[in-house]
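Notes to accompany the following structure.
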Amino acid sequence: MLGGLFFLLDYRSRKGAGYLFQLVGFLAPAVLLLSIGLIVPTISTTVQAFMNARGDRFVGFENFIWVFGQPENVRIIINTIIWVLIVPTVSTIAGLAYAVFIDKSRGEKYFKTLVFLPVAISFVGASIIWRFVYTARPADQEQIGLLNGIVVALGGQPIDFIAESPWNTLFLIIVLIWAQTGFAMVVLSAAIKGVPVEQLEAAELDGTNAWQRFVNVTVPGIRSALIVVLTTISIVSLKVFDIVRTMTGGANETSVVANEMYTQFKNFELGRSAAFAVILFVLVVPIVVYNARQIKKQREIR
């Protein structure tokens, strides 16, 4: 029925009914879906952030005052910022290094496949895998966790990696880095292959070494891809939920904004949950705007 409707719209526009009529007809489904799935929920959540737990009384900024007034909530926001600072940086550097060193090598596609495999695994699956890696048992029992198996084999005592604050947050961050490095590698590898060979050869004739060619030719040539990778992984880091929820449930000072938003919602604190959602939205918007502006600049250059 929808296809038939589009056909009639297209047919009528060709008969002279006008471009505007066709444009409205084709955009209407997208606008409707965006309204239902994005615009209406955003407005509803924003309003809810200024209401009480039941959503029947306006409380102003009380929920936000509670968020920023509790030390544990401040810790949650700091944890989220730590995720955003570390994960995109390390994932991008690791992916770029891997793309550069493996590029045009023998067995390139096999090496890249190994790094890209974690991207195909859900965050919950990745969390379960790494939870087994970090698992700690009492010293008098056999260790089933990979890391503690190595530690005990070397004569050390078992370490509960995901319980010791603040290092446990870093061990959770490693999981997301492992899952996102493959994405960074694929995008940057494709961008590197798009750098004109003539520029690299000209730089080589000028007497530059490999590092100078990389910094002065390759990196500027893949700048747009670097921005896309960094901003995309930053947004993923900001709204990380699955890894924290699966591995620690937010215990031992490992919670992040998205996890706390769910926790408050589960505790029927709708106003506080919405306040965390609004904070998360505010944190994401600047990254999205920056990404959009960079893409626009690249289009103008082209």
Side-chain angles (χ1 to χ4, degrees), residues 1-51 54-56 63 80 84 88 119-126 176 179-180 183-184 186-187 190 224-225 227-246 256-266 268-300:
M1 291 176 64
L2 190 60
L5 177 61
F6 283 162
F7 174 79
L8 291 175
L9 289 170
D10 183 59
Y11 179 78
R12 183 171 179 179
S13 66
R14 291 181 182 180
K15 290 295 183 178
Y19 172 73
L20 182 61
F21 184 81
Q22 183 188 35
L23 181 65
V24 172
F26 277 89
L27 285 180
V31 172
L32 179 63
L33 291 174
L34 281 173
S35 298
I36 296 174
L38 183 63
I39 298 175
V40 173
T42 300
I43 296 174
S44 176
T45 302
T46 303
V47 172
Q48 184 66 57
F50 297 94
M51 307 295 284
R54 295 182 179 181
D56 57 4
N63 292 318
T80 305
V84 177
V119 179
I121 303 175
S122 69
F123 287 161
V124 173
L176 188 56
Q180 292 295 306
F183 163 74
V186 168
V187 175
S224 59
I227 292 172
V228 170
V229 169
L230 281 168
T231 53
T232 301
I233 299 179
S234 295
I235 293 172
V236 172
S237 304
L238 271 173
K239 59 190 184 69
V240 65
F241 168 78
D242 315 59
I243 294 172
V244 175
R245 198 73 193 178
T246 303
V256 290
V257 171
N259 179 72
E260 194 61 25
M261 177 181 68
Y262 173 77
T263 300
Q264 294 298 325
F265 179 80
K266 192 176 68 171
F268 301 102
E269 291 287 350
L270 304 185
R272 294 176 178 179
S273 175
F276 275 109
V278 170
I279 292 170
L280 185 60
F281 178 76
V282 170
L283 292 173
V284 169
V285 166
I287 300 175
V288 176
V289 171
Y290 176 77
N291 197 7
R293 287 183 175 179
Q294 293 302 315
I295 293 174
K296 183 179 179 180
K297 287 182 180 179
Q298 291 299 319
R299 287 177 179 174
E300 291 174 352

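This chain uses plain numbering: 1 for the first residue, then up along the sequence.
- Nearest heavy-atom pair across Ala179 and Val119 is O-CG2, 3.4 Å.
- Pairs engaging residues 268-289 under the side-chain hydrogen bond (donor to acceptor under 3.5 Å, both in side chains) rule: none recorded [sequence neighbours left out].
- With rounding to the nearest 0.5 angstrom, the CD atom of Gln48 is 14.0 Å from the CD1 atom of Ile43.
- For Phe50, the side-chain contact (heavy atoms from CB on, under 4.5 Å) partners two or more places apart in sequence, or in a different chain, are Thr46, Phe58, Phe61, Phe64.
- Every residue meeting the side-chain contact (heavy atoms from CB on, under 4.5 Å) condition with Thr231, not counting sequence neighbours, appears here in chain and number order: Ile227, Ile287, Tyr290, Asn291.
- The closest side-chain heavy-atom distance from Thr263 to Arg245 is below 4.5 Å.
- Between Pro88 and Val84 the shortest heavy-atom distance is CD-O, 2.9 Å.
- Taking both residues in full, the closest heavy atoms of Ile121 and Ala126 are given as CG2-N, 3.6 Å, listed atom of the first, atom of the second, then distance.
- Within the 4.5 Å cutoff, the side chain of Asn63 has no heavy atoms near those of the Phe276 side chain.
- Residues forming a side-chain contact (heavy atoms from CB on, under 4.5 Å) with Leu34 (at least two apart in sequence, or on another chain): Leu38.
- For the atom pair CD (Glu260) and CG (Leu280), the distance works out to 12.5 Å, reported to the nearest 0.5 Å.
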Under 3.5 Å, which donor-acceptor pairs link side chains of residues 232-241 to any protein atom two or more places apart or in another chain?
from: Thr232; atom 1: OG1; to: Val228; atom 2: O; distance (Å): 2.6
from: Ser234; atom 1: OG; to: Leu230; atom 2: O; distance (Å): 2.6
from: Ser237; atom 1: OG; to: Ile233; atom 2: O; distance (Å): 2.8

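- With sequence neighbours excluded, the residues satisfying side-chain contact (heavy atoms from CB on, under 4.5 Å) with Val285 are Phe281, Val289.
- Judged by distance alone, with hydrogens and angles left aside, the side-chain atoms of Thr246 form a donor-acceptor pair with the main-chain N or O of Asp242 at under 3.5 Å.
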